[in-house]
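Worksheet for the structure shown next.
First the proteins, then the strands, lettered A, B, ... as listed; each starts at 1. Every heavy atom of this structure was used, including side-chain atoms; hydrogens, water molecules and symmetry mates were not.
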4 protein chains.
Amino acid sequence: MFELDLRSRKPIYEQLVDRLKQLIINNVLEKDEKLPSVRVLAQQLSINPNTIQKAYRELEAQGYIYSVKGKGSFVNHIMMTDNSAEIKKVKEQLKKQIAEALFLGITIEELEKLITEVEQSVTRGDEDDSSSERR
Amino acid sequence: MFELDLRSRKPIYEQLVDRLKQLIINNVLEKDEKLPSVRVLAQQLSINPNTIQKAYRELEAQGYIYSVKGKGSFVNHIMMTDNSAEIKKVKEQLKKQIAEALFLGITIEELEKLITEVEQSVTRGDEDDSSSERR
Amino acid sequence: MFELDLRSRKPIYEQLVDRLKQLIINNVLEKDEKLPSVRVLAQQLSINPNTIQKAYRELEAQGYIYSVKGKGSFVNHIMMTDNSAEIKKVKEQLKKQIAEALFLGITIEELEKLITEVEQSVTRGDEDDSSSERR
Amino acid sequence: MFELDLRSRKPIYEQLVDRLKQLIINNVLEKDEKLPSVRVLAQQLSINPNTIQKAYRELEAQGYIYSVKGKGSFVNHIMMTDNSAEIKKVKEQLKKQIAEALFLGITIEELEKLITEVEQSVTRGDEDDSSSERR
DNA sequence: GTGGTCTAGACCACA
DNA sequence: GTGGTCTAGACCACT
C-alpha cells in the first residue's frame with residue numbers, strides 16, 4: 001500500500017507525505033478517516049517512528065490532516081484551513097512548470113490532455129501511480 | 001535581478017538554476033547570449049564562484065546553456081539535445097501538481113486559463129516574476 | 001584497485017567515473033551493492049572527499065548509481081532511466097573510433113573479434129583490466 | 001570545409017586535429033599533399049595562428065603529417081611510424097566503449113551494422129560528418 | 001556516519 | 001580573462 005522506495009533520493013518522510021497526500025486527494029482515504037498510528041505504521045513499514053512522526057507533522061502543517069491528542073490523526077479533506085496562500089503557491093509553481101513544458105516542446109493540447117486525465121482518475125477514485133523519481 | 005534567498009532550504013545553486021531557466025524560457029536571455037562570467041556573477045551576488053559554476057554546470061547538463069573554456073557560457077535555447085527524458089519527468093511532475101491543484105479546489109477552467117496566460121506571456125517575451133519559497 | 005594517475009591530463013573525478021563504470025558494467029559491482037562512502041574512499045585514495053563526490057554525482061546523473069542522504073551510494077545497474085541520449089552519444093563516439101581503427105590497419109575481422117571478446121567477458125562477469133592513458 | 005564549432009566544449013585546436021585526421025583517413029587529403037600554411041588557414045578560419053600551430057604540432061606527434069622547415073606541412077598517410085602502440089591504445093579504448101554500448105542495451109547486430117557503415121563510407125571516400133558533441 | 005552544500009583560495013588550460 | 005579542477009575545512013539534513 002505504501003511502497004516506499006528506500007533507495008530513492010527523496011527522503012523517506014517526504015515520500016510518506018507525498019504518498020499520503022495522494023491517497024487523500026484521490027479519496028482513497030476518506031474524510032475523518034483515522035490514519036494508522038505512528039507506532040503501527042512504523043512497524044508495518046519497518047521504519048523509524050520518528051520518520052513517521054515527521055511526515056504526520058508536515059501533513060498537519062499543510063492542512064491535510066488533523067491530530068487529536070490521545071486519539072490519533074485524521075484526514076481533513078475539505079480543507080477548512082485557509083487555502084489561499086497554498087493555492088497561490090501551487091498556481092505559481094504550475095505556471096513555472098507549464099512554461100518549462102512549453103519550452104521543451106510539449107503542446108497545449110498535450111497539457112490539456114494531462115489535465116483531463118488527472119481529473120478523471122481523481123473523480124474515479126483511482127490511484128494514479130506515477131511515482132518513482134530518481135534524479 | 002536574482003533575489004537569492006540565502007536562508008532558504010533550497011540550495012543556492014538550485015535557486016540559480018531555476019532562475020536562469022526561467023530567464024531563458026521567457027526569452028529574456030536570448031539564444032547565444034553570453035551569460036555573466038562565473039567570477040563576475042559571483043562577485044555581484046557576493047557568492048562563491050564555485051557555487052555559480054555548479055549552477056552553470058547543471059544548466060549545461062540539462063541542455064540550457066553551453067560553456068566554452070576560454071570564452072564563457074552561452075544560452076543554447078534551441079534544445080538540440082535529446083530531451084525526451086526531461087519531457088517525461090516534467091509531465092510526471094505536472095500530473096502530481098495538477099492533482100494537488102484540483103484537490104485544493106482550483107477548477108479546470110482556472111487551469112486552462114493558466115495555460116493560455118503562460119503561453120501568451122512566453123510568446124510575448126514577458127518575464128513572469130513570481131519567486132519566493134521558503135519551505 | 002583504482003590506480004589513479006594524479007598527473008594525467010584527465011581529471012581525477014573523470015578517471016574515477018570511468019573506472020567505476022567499468023566495474024559496474026563488468027558486474028564486479030553488483031546491483032544495489034553499496035559503494036564505499038565518500039569519506040572512506042577519499043581517505044583510501046588520499047584524495048579530497050569533494051572530488052569523490054563529484055564523481056559519484058556524475059555517475060548518478062548518468063544513471064549508473066543512486067545516492068541516498070543518510071545511507072550511502074548504491075549501484076543501479078538496471079538502467080531504468082531513459083538512456084536514449086546516452087546511446088546516441090556512445091554510437092557517435094564508436095563510429096569515430098572505428099574509423100580511426102580501420103585507418104590504423106585494424107581489420108574488420110579483428111573488430112568483430114573484439115566485440116565477441118567483450119561480449120563474452122561481460123556475460124562471464126570478468127574484469128577486463130586495461131587502463132593507463134597519459135595523453 | 002572545416003566547419004569549426006566555436007561553441008563546442010571541445011577546444012578548437014582539438015577540433016582541428018580531429019577534422020584533419022578525418023580528412024586524411026578518408027583520403028580527401030592525399031599522400032604528400034601540402035596542407036595550407038598556418039597563416040593562410042588561420043586567416044581563412046579567422047582563428048588565432050597559435051591555435052593552428054598547436055593542431056599541426058599535435059598531428060605531427062601522432063604521425064599523421066610531417067613538416068619540412070621552410071616548405072610546409074604534408075600528409076603522411078602511409079604511417080611509416082610505429083603504429084603498434086597506437087593500435088593497442090585504440091583497441092583498448094574500443095573494448096571499453098563496446099562494453100558500455102552492450103551495457104546500455106545496444107545489440108551486437110547494431111554494432112556490426114555500425115562497423116559496415118563506417119567501412120563503406122571510408123572506402124567510398126565519403127566525408128562522414130557526425131561531429132558535434134556538446135556534453 | 002551518510003551524502004550534500006558552501007566557502008576560500010590555489011592552480012591549470014584555452015583564447 | 002574565461003571555464004575547470006582540486007584542496008581544506010565547515011556546517012547541515014537524514015538515518
- [ ] Starting from P on F:dT5, measure out to OH on B:Y56 and report it in whole angstrom.
- [x] 16 Å

TODO: Could you tell me whether D:F103 and C:Y64 have their ring centroids closer than 6.0 angstrom?
DONE: yes

Task: side-chain N/O C:S37 vs E:dG1 OP1/OP2, d < 4.0 Å - done: no

Task: Trace of the side-chain hydrogen bond (donor to acceptor under 3.5 Å, both in side chains) decision for B:Q62 with B:E58 - done: CA-CA 6 Å; B:Q62 292 187 28; B:E58 179 72 20; 2.9 Å; yes

- [ ] Just jot down the side chain to side chain contact (heavy atoms under 4.5 Å, CB included) partners of A:K54, sequence neighbours excluded, or say none.
- [x] A:Y13, A:R57

Task: Distance, rounded to the nearest Å, where A:I52 contributes CD1 and F:dT15 contributes C1' - done: 13 Å

TODO: Mark yes or no for whether D:Q93, through its side chain, and C:Q97, through its backbone, hold a donor-acceptor pair below 3.5 Å.
DONE: no

Task: Interatomic distance, A:L16 CG vs F:dC14 P [rounded to whole Å] - done: 13 Å

Open item on the list: Let me confirm one number: the CD-CG distance from D:E100 to C:D18, rounded to the nearest 0.5 Å.
Closed with: 8.0 Å

Open item on the list: Taking only side-chain N and O atoms of B:Q53, does any of them lie within less than 4.0 angstrom of OP1 or OP2 on F:dG4?
Closed with: yes

Task: Between P of F:dT7 and CG of C:L4, the distance in whole Å - done: 10 Å

Task: Distance in angstrom units between B:D5 CG and E:dT5 C1', rounded - done: 15 Å

- [ ] Could you say whether B:S46 or C:G72 is positioned toward the 5' end of DNA chain E, judged by the nucleotide with the nearest heavy atom to each?
- [x] C:G72

Below 3.5 Å is the cut-off: list the nitrogen or oxygen pairs between protein and nucleotides 11-15 of chain E, distance only.
{"from": "E:dC14", "atom 1": "OP1", "to": "C:R9", "atom 2": "NH2", "distance (Å)": "2.9"}
{"from": "E:dC14", "atom 1": "OP1", "to": "D:Y13", "atom 2": "OH", "distance (Å)": "3.4"}
{"from": "E:dC14", "atom 1": "OP2", "to": "D:K54", "atom 2": "NZ", "distance (Å)": "2.7"}
{"from": "E:dA15", "atom 1": "OP1", "to": "D:I12", "atom 2": "N", "distance (Å)": "3.0"}

TODO: Figure out the CD/P separation between B:E60 and F:dG3, and round it to whole Å.
DONE: 11 Å

- [ ] Please name the pair of heavy atoms, one in A:L16 and one in A:A55, separated by the smallest distance, quoted to 0.1 Å.
- [x] CB-CB, 3.8 Å

Task: Below 4.0 Å: OP1/OP2 of E:dG3 and any side-chain N or O of C:R57 - done: no

- [ ] Send over the distance from B:Q43 CD to F:dG3 P, rounded to a whole Å.
- [x] 14 Å

TODO: Using a 4.0 Å heavy-atom cut-off across all strands, classify A:N50 as base, sugar-phosphate, or nothing.
DONE: nothing

Open item on the list: Expressed as a whole number of angstroms, how long is the span from B:Q15:CD to E:dG4:P?
Closed with: 19 Å

Open item on the list: With a 4.5 Å cut-off on side-chain heavy atoms, are C:V75 and C:Y66 touching?
Closed with: no

TODO: Just name whichever nucleotide pairs with E:dA8, Watson-Crick or G-U, keeping both distances under 3.5 Å, else none.
DONE: F:dT7

Task: Base-pairing assignment for E:dC14 (Watson-Crick or G-U wobble, both under 3.5 Å) - done: F:dG1

